[in-house]
Amino acid sequence: MTKILVVADIKEGVLKGSTKELLSKARAIGAKTAVVAVGSDIESLSADLADAGSDTQYIADDKSLDLFSAAPFTSCVVDAAKQFEAGLIWFGFSETGKAVAPRVAAQLDAACASDITDAQIDGDQITITRPAIANKVMQKIKVNTEQLVAVVRAGAFEADESISGTQNVVKLSAPEPDLKAVIKEVLSDASGEIDLGDADIVISVGRGVKDQAGIDLVKGLADDLTAGFGSSRAMVDAGLMAQNKQVGQTGKIVAPNLYMALGISGAIQHLAGMTGSKTILAVNKDPEAPIFNVADYGIVGDLFEVVPILREEIKKIKG
Amino acid sequence: MKILTTLKKVVDVELNINVENGAIIEDGLQYVMNAWDENAVETAVQLKEKNKAETTLVNIGGGDDNTKIIRKGFAMGIDNAIQIDDPALENSDPSIYAGIIQKVYEQGEYDLIITGKQAQDTDSGQTGIILAEFLELPCVSNVIDIEAIDDQHIKVSRLGDAGTEILEIELPAVVTVSDGINEPRLPAMRGIMMAKKKKISVMDLAGLGISWDELGGGSPKSEITEFMKSETRQAGQKFEGDAAEITAKVVDLLANEAKVL
Ligand SMILES: Cc1cc2nc3c(=O)[nH]c(=O)nc-3n(C[C@H](O)[C@H](O)[C@H](O)COP(=O)(O)OP(=O)(O)OC[C@H]3O[C@@H](n4cnc5c(N)ncnc54)[C@H](O)[C@@H]3O)c2cc1C
């Protein structure tokens, strides 16, 4: 029977939704499931981890794991993978997953795949699907090893709210710290903000908002809707938005229910990060802007005029 | 400091890419330097300008397109180039590339390896990290800032899930860089002229002292069996005209048709 180990996605002490999405898929495949959680002060999450759909919870809880460091994180995942005898090891889409998955694969001598959108298991044969070339094509990949380490694309698997697992905690010993790549500090510019990966609605600004005043205008709309607030790279390059707000091939990949692109042209590198959204609204003054090719609803107009009306109209219906 | 950077040619992602019968249609494709490798080259050259460093690039593959991107690397300021050209390399995966770069590294006593964080054709982002595992070197990925502390240490910032992570790394080490780290320079005319005269050290796998089998080439961990067209989204309804009217209409559709408000 296939065994799938999901690496828990924990941010600021909270279990992220992607963990349940991955476990839902694992259970739908009919696999035995386990989760591995790495961090500091996370033991209290074991019930949440079981609720998310895992039947074994490998937990590495140690002060030294407070700040992310790739090498010790890897050791914990490898430890859990060996104990569980995992066939598939899945990470949710995150910078942690992108940094750790190849290391785990190298240490287990397993195949590695980034950004998978589907996985099929037929007896011993694993086959996966993933986008490539900035989403312009899809690849079907046959895995020749018994083990596969993969990062799952944001939004690829849907959470099944009806599932839950059983609590069965296995404590992992604290790994050796990395003495050669020492994490000194983390400058957090996102605490208290809505996580782009979790938000139901994401609103992103592009060069069309021009300056801080434009950003503030759109931020008002985002606040009204408790939406995640993202950006194109042009705004990051201009120093107007933080790098961790960037949506796209280099930045976050998001798949919310509603994505609003305001003053964004729709370069393929931006599209690579948001076309998995359920519904897309674009506001752009150029009727030929490529963003309209992927938008379900398009408003051709000046966003400085449109955004205040959007706020008013939304307030009307939301009361 | 001796710096090694990696250089990959990738299909130009701005052009149309068509798929037929499970394969990409080669006709009409053009190849360019992987954008993140441009950032890696720029990083190496900037380190050289600020500190004393010798910069070498390694490129895997042959043909005019690879020569063209190597010349561009020279023109940007890279000192030396090594090209591994072997017909066996047609179907390579990240661990094969990593195995080759490992061999190049071992023959050159480098202090720092800089790769792009991913390649625009596969978007995999594995080679640099797997390389570090093979070499048992410290590795930091998704780097957005780098500075030399002394001959043996560098300080880097990486964009992580919790924010910007600041690390001190003991050399030798591997870093993979994001495009946020710099704006790659446009080579100046003088650089372009000089780049034409520079020698590229070309060798095949035997010349490098490794065989296809040693690289695991005969038994790849995974294989692409098919390319497919991406499911492209259809353009939906686009409204032009009076801003108040069309915006109210769209909000109504978002609420009552798409049901996302
Ligand atoms: C390797 C690589 C990786 C990249 N990764 C990413 C990535 O992850 N994410 C990303 O976003 N980009 C990425 N890019 C950059 C990408 O190619 C584009 O340059 C970028 O997305 C453009 O941002 P933009 O749409 O905000 O700006 P522009 O392309 O300049 O578009 C601005 C738009 O605003 C509209 N506009 C102007 N004024 C108004 C107004 N008053 N009202 C309404 N509309 C208005 C204009 O019509 C235009 O369409 C990457 C590029 C490379 C080479």
Side-chain angles (χ1 to χ4, degrees), chain A residues 11 68 94-96 98-99 102-103 106-107 111-112 114-115 131-145 178 180-190 243-244 250 257-258 268 275 278-279 281 287 292-301 305-306 309-310 313-314 317, chain B residues 11 13 17 19 24 120-126 129-130 133-134 138-142 144 159-170 173 178-180 219-230 233 235-240 243-244 246-248 250-251 253-255 258 260-261:
Chain A
K11 208 170 167 190
F68 172 74
S94 60
E95 290 305 334
T96 300
K98 287 194 261 182
R103 288 174 180 254
Q107 291 188 17
C112 186
S114 326
D115 224 11
I133 321 184
N135 271 9
K136 288 203 161 175
V137 298
M138 301 293 290
Q139 301 174 328
K140 200 161 229 147
I141 296 175
K142 183 170 147 262
V143 177
N144 296 331
T145 49
D178 190 342
K180 291 190 163 174
V182 181
I183 173 85
K184 292 289 179 186
E185 61 175 319
V186 177
L187 312 174
S188 169
D189 35 15
Q243 278 211 31
N244 63 2
T250 327
N257 272 328
L258 174 59
I268 55 156
T275 43
K278 289 219 174 62
T279 302
L281 165 67
F292 288 125
N293 298 334
V294 300
D296 302 283
Y297 304 104
I299 297 177
V300 180
E305 198 182 339
V306 170
I309 306 170
L310 258 181
E313 291 296 328
I314 290 171
I317 61 155
Chain B
V11 55
V13 299
I17 296 180
V19 175
I24 292 176
Q120 288 171 289
D121 52 356
T122 62
D123 287 326
S124 278
Q126 296 173 20
I129 300 173
I130 291 177
E133 283 291 324
F134 286 179
C139 173
V140 179
S141 56
N142 207 23
I144 54 169
L159 206 58
D161 291 322
T164 303
E165 302 165 358
I166 319 267
L167 296 101
E168 267 177 38
I169 317 176
E170 188 182 310
S178 180
D179 43 275
S219 51
K221 293 193 168 67
S222 62
E223 298 164 69
I224 301 173
T225 54
E226 191 185 344
F227 281 96
M228 293 163 292
K229 271 211 168 89
S230 290
R233 292 182 79 101
Q237 312 173 46
K238 190 166 74 180
F239 298 90
E240 293 183 62
I246 61 176
T247 305
V250 166
V251 169
L253 288 168
L254 287 174
V260 288
L261 280 181

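Throughout, protein chains are lettered first and strands after them, A, B, ... in sequence-line order, and every chain is numbered starting at 1. In this text the structure is predicted, and so the values were computed from the model without any measurement.
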Taking every non-hydrogen pair under 4.5 Å, which of B/Ile17, B/Val11, B/Asp179, B/Ile130 racks up the most with chain A? B/Asp179
For A/Asn144 and B/Pro220, which heavy atoms make the closest approach, and how far apart are they? ND2-O, 2.8 Å
Are the side chains of B/Leu159 and A/Glu95 in contact, using a 4.5 Å heavy-atom criterion? no
Check each atom of A/Ile268 against the heavy atoms of chain B and say whether the ones under 4.5 Å are side chain, backbone, both or neither. side chain
When you compare the side chain of B/Glu240 with that of A/Pro287, does any pair of heavy atoms fall below 4.5 Å? yes
Distance, nearest 0.5 Å, that separates CE of B/Met228 from CD of A/Gln139: 8.5 Å
Between A/Arg103 and B/Cys139, what is the shortest heavy-atom contact and its length? NH2-O, 2.8 Å
State, yes or no, whether a side-chain contact exists between B/Val260 and A/Leu281 at a heavy-atom distance under 4.5 Å. no
Does the side chain of A/Gln243 come within less than 4.5 Å of B/Ile144's, by heavy atoms? yes
Drop me the distance from B/Asn142's CG to A/Thr96's OG1, to the nearest 0.5 angstrom. 10.5 Å
Taking only residues two or more places apart in sequence or in another chain, which ones pass side chain to side chain contact (heavy atoms under 4.5 Å, CB included) with B/Ser230? A/Met138
Non-hydrogen atoms of chain B under 4.5 Å away: do they reach the side chain of A/Ala99, the backbone, both or neither? both
Quick one: what part of A/Glu305 sits under 4.5 Å from any heavy atom of chain B, side chain, backbone, both or neither? side chain
I'd like to know which of A/Gln107, A/Lys136, A/Glu313 tops the heavy-atom pair count under 4.5 Å against chain B. A/Lys136
Please round to the nearest 0.5 Å and tell me the distance separating atom CD of B/Glu226 and atom CD1 of A/Ile141. 11.5 Å
Applying side chain to side chain contact (heavy atoms under 4.5 Å, CB included), name anything that partners B/Ala255, two or more places apart in sequence or on another chain. A/Ile317, B/Leu261
Please state whether the side chain, the backbone, both or neither of B/Val13 comes within less than 4.5 Å of a heavy atom of chain A. both
What part of B/Asp161 gets within 4.5 angstrom of chain A, counting heavy atoms only: side chain, backbone, both, or neither? both
Pair count under 4.5 Å, heavy atoms only, with chain A: among B/Val250, B/Leu254, B/Ile224, highest is B/Ile224
A/Val300 and B/Ile246 have their tightest heavy-atom pair at O-CD1, 3.9 Å
What residue, out of A/Thr145, A/Asp115, A/Asp178, has the most heavy-atom pairs lying under 4.5 Å from chain B? A/Thr145
Region of B/Ala243 in contact with chain A, defined by heavy-atom distances below 4.5 Å: both
Rounded at 0.5 Å granularity, tell me how far CD1 in B/Ile166 sits from NZ in A/Lys184. 11.5 Å
Does any non-hydrogen side-chain atom of A/Pro102 lie less than 4.5 Å from one of B/Glu133? no
Pairwise distance CG(B/Leu167) to CD1(A/Ile183) - rounded to 0.5 angstrom: 4.0 Å
Are side-chain heavy atoms of B/Asp123 and A/Ser114 found at a separation under 4.5 Å? no
Among A/Val143, A/Asn257, A/Ile299, which has the most heavy-atom pairs under 4.5 Å with chain B? A/Ile299
If we define contacts as heavy-atom pairs under 4.5 Å, which of A/Gly301, A/Ala106, A/Ala181 has the most with chain B? A/Ala181
Beyond-backbone contact of B/Arg233 with A/Asp296, side-chain heavy atoms, under 4.5 angstrom: yes
With a 6.0 Å cut-off (strictly less than), is the heavy-atom count around NZ of B/Lys238, excluding the residue itself, greater than 12? yes
Residue part contacting chain A, namely of B/Ser178, when any heavy atom lies under 4.5 Å: side chain
Okay, side chain of B/Thr225, backbone of A/Lys140: is any donor-acceptor separation there less than 3.5 Å? yes
Please identify, among A/Val294, A/Thr250, A/Asn135, the residue contributing the most non-hydrogen atom pairs under 4.5 Å to chain B. A/Thr250
